[in-house]
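Below is one structure, written out as structure tokens; comments come after it.
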Protein chains: 2
Amino acid sequence: MKKKITTLKEIAKQLNLSISTVSRALNDHPDISESTKEKVKRLANDLSYVPNIFAKGFRSHKSNIIGVIVPSITHYFTATILKGILDEAAIKGYRVIISESDNDISKQTEMLKTMMQFGVDGILMSLTKRTRNIENIIKTMDTVPLILFDKVSNKIPCTQIVINEEEAAFDAVEHLINIGKKRIAIIKESEYSYNSEKRYTGYLRALNEHNIAIDEKIILSVEDITLKQGRRMTNILLSLKNRPDAVFAITDSAAIGVVQALKKFKIKIPEDIAVVGFSNSIHSTIIEPMLTTIDQPGERIGSTAIKYLIEEIDNPNEFTGIKTVEIKSNLIIRDSTFSS
Amino acid sequence: MKKKITTLKEIAKQLNLSISTVSRALNDHPDISESTKEKVKRLANDLSYVPNIFAKGFRSHKSNIIGVIVPSITHYFTATILKGILDEAAIKGYRVIISESDNDISKQTEMLKTMMQFGVDGILMSLTKRTRNIENIIKTMDTVPLILFDKVSNKIPCTQIVINEEEAAFDAVEHLINIGKKRIAIIKESEYSYNSEKRYTGYLRALNEHNIAIDEKIILSVEDITLKQGRRMTNILLSLKNRPDAVFAITDSAAIGVVQALKKFKIKIPEDIAVVGFSNSIHSTIIEPMLTTIDQPGERIGSTAIKYLIEEIDNPNEFTGIKTVEIKSNLIIRDSTFSS
DNA sequence: AACGTTACCGCAAACGTTTGCGTAGTTATT
DNA sequence: AATAACTACGCAAACGTTTGCGGTAACGTT
């Protein structure tokens, strides 16, 4: 039992007005008298008129829809970013179409294409691992504005919203140094990743500035930075003659794996070996000891990203320049580095 | 530098054909000769033609967009449901607009409205707590198909996709009985909630069937079923003269709170008091001891929900009947009820 | 030779909205 | 009293696509 949808024509007929007058009345056009406006608006309300979005977008070439592509929606940090995007979008009157690339490059390409077909006004994207074929991304960019966040690439000439990765990692490692640690291991990603690379340079810089020698033996790289890999790497570290006295894992889940492995071997945290993660996931407060980590303000990243995007959408011709916007994160010190 | 978008007209002009012929050629209409089809398709491809979604939807009154409203996107279980929805939608050629109601009823109403304005073909919704004004939900239902999932209400006459809540709770409690527990506490929600209520009746049924007396003193209700409340309730339980030997928390986070509180008082889990949660959140494997809990197949819920919705969208007139579809969950036994 | 059939294609309307332009009526200006 | 300016509204085109209907040419059938 579909309800009959009311159109401008219907309202016009009932009020003996022209369609254009009704349209203008609803849009508060100055040419229309107050009395007419009121009549029109009242009837529109009574008939629960909703403007046909297609007819509107059809004319204006504007959908007020923004496309978002993320690797994994179930990842907590990603979800907080999405929340930031959704909230800001609601305020600015945009709808958001979300797609998951599942860390699959071909899916990502496919999605970019269908986003275009659906006439989105702009695209926010966080890249899959090992994103190779940049061409189609760049190609879409001359049809519709695109902004990257979190997992970015400086090979793509567009505005990018990121955490101050290097500085954050620097802070984390310096914190370890400050509590007296001298032999600090790192677990990072082996494949190239913007985030991993930045954190790694932050690690190196901290060691350098504090005149601590760099030891390749305690610089470990893994393909997938997971909990399981964290455990595996810890076993490797513990088998060394010269064990580290701290571990900086580039990710909370890896850090949790480290903690679990250390506990298994009854190694005291943080006295014997301190652990720092990255992300401030919820898990970091559930594991014992609670994890020292970097809090990334996901919502701010999301809202910032969409703000810049809408800016570009509203001013399509003026070249606003490619910015890399860094959102400040901050170190949260908990029991895994601090014994009370 | 906006690119010129190609239309049917452009293709028609270049090929000296009519617009209708071009349209039919692209849609593989039998009236068009193979040779013409090929020419048209080639040029369309060269000009990277994409059909204008607005013009299309404008005519067909179909957007191929589905609206989804959830209380909180950052909630892990919700995220898995969304993943199921997104995957299935991609397969069926639908886009998904996601909105967060933030457990705010007025927001929820607002979103329902804007979803309508954006011409979605159907709506999937998980209700906020204490959803009161059902009217507008029912009102939208005679314009566009709507299906509820997870947080549902049997006051709304529509298809609903849920977990077999009662049975799952029954299984969980029976498991506790099977391992020898005789005094099983429950922590549930005080406000009416479909899920809480069902789980509670499952709890009651299990006790009844095993001839265990029901003791109101160990049936605790909280407003917000959070980790903190889990801890608080545990303190209450421990202050009883006749302590329980097991706790069934209606939610993983509450269960984790219970575990934390028990550990603080050096109470052995599961020997002294066993704990069962509900959800199989990631946290349940990180807490020590790992939590026995109910695994809810989020992705299946999501994909099932959207399947039913598309079914309704494709057959708008025939009344398919209101179904309540139960997705089977299953008990996962871990250390919090089982000492190896 | 007249007719029916088939293959292939074009015309034009329709979807609902916005908007430039035109205009009738009224009021203000010289 | 003639002109200008303003108010309030209508006409009609345009956006890109789909589709019912109609038409033409070619071919086959009696």
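Chain naming here is simple, since letters A, B, ... match the order of the sequence lines and numbering starts at 1 in each. These numbers come from a predicted model, not from an experiment.
The A/Lys56 side chain lies nearest to C/dT18 when the options are C/dT18, D/dT18, D/dG16. The side chain of B/Arg59 sits closest to C/dA13 out of C/dA13, D/dC15, C/dG16. With distances taken from any side-chain atom of B/Leu8 to the nucleotides D/dT17, D/dC9, D/dC15, the minimum falls on D/dT17. Taking every side-chain heavy atom of B/Ser33 into account, C/dC9 is the closest of D/dA8, C/dC9, D/dC11.
Side chain of B/Thr131 to backbone of B/Leu127: no donor-acceptor contact under 3.5 angstrom is found.
Counting non-hydrogen atoms under 4.0 angstrom, B/Leu17 reaches the backbone sugars and phosphates but no base. Among the protein residues, B/Asp31 comes within range of the nucleic acid bases, having at least one heavy atom under 4.0 Å from a base atom.
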Could you check A/Gln108 against A/Asp104 for side chain to side chain donor-acceptor pair (under 3.5 Å), going step by step and ending with a plain yes or no? CA-CA 6 Å; A/Gln108 179 177 272; A/Asp104 180 333; over 6 Å; no
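In the model, A/Asn103 has no side-chain atom that pairs as donor or acceptor with a side-chain atom of A/Thr128 under 3.5 Å.
Listed pair B/Asn27 / D/dT18 meets the phosphate criterion, a side-chain N or O lying under 4.0 Å from OP1 or OP2. Between A/Ser23 and C/dT18 there is a side-chain N or O to OP1 or OP2 distance below 4.0 Å. At least one side-chain nitrogen or oxygen of B/Thr36 sits closer than 4.0 Å to the OP1 or OP2 atom of C/dC9. Dashed line: the shortest gap from a side-chain N or O of A/Ser20 to OP1 or OP2 of D/dC11 is not under 4.0 Å. The phosphate of C/dG10 has OP1 or OP2 within less than 4.0 Å of a side-chain N or O from B/Ser18. Applying the 4.0 Å criterion to OP1 and OP2 of D/dC15, one finds that A/Ser60 has every side-chain N and O outside that range.
Distance CG (A/Asp28) to P (D/dC9): 13 Å, rounded to an integer number of Å. Atom pair B/Phe58:CZ and D/dT17:P shows a separation of 13 Å (rounding to whole Å applied). The nearest whole Å value for the distance from the NE2 atom in B/His29 to the P atom in C/dC9 is 12 Å. In this entry the distance linking CD1 of A/Ile5 with C1' of C/dT17 reads 13 Å, nearest Å.
The pair A/Asp31-A/Arg24 does not meet the salt-bridge criterion, since no charged nitrogen lies less than 4.0 angstrom from a carboxylate oxygen.
Residues A/Leu26 and A/Val40 meet the side-chain proximity criterion, which asks for heavy atoms closer than 4.5 Å.
Both A/Thr7 and B/Ser35 lie near DNA chain C, and the one whose nearest nucleotide falls closer to the 5' end is B/Ser35.
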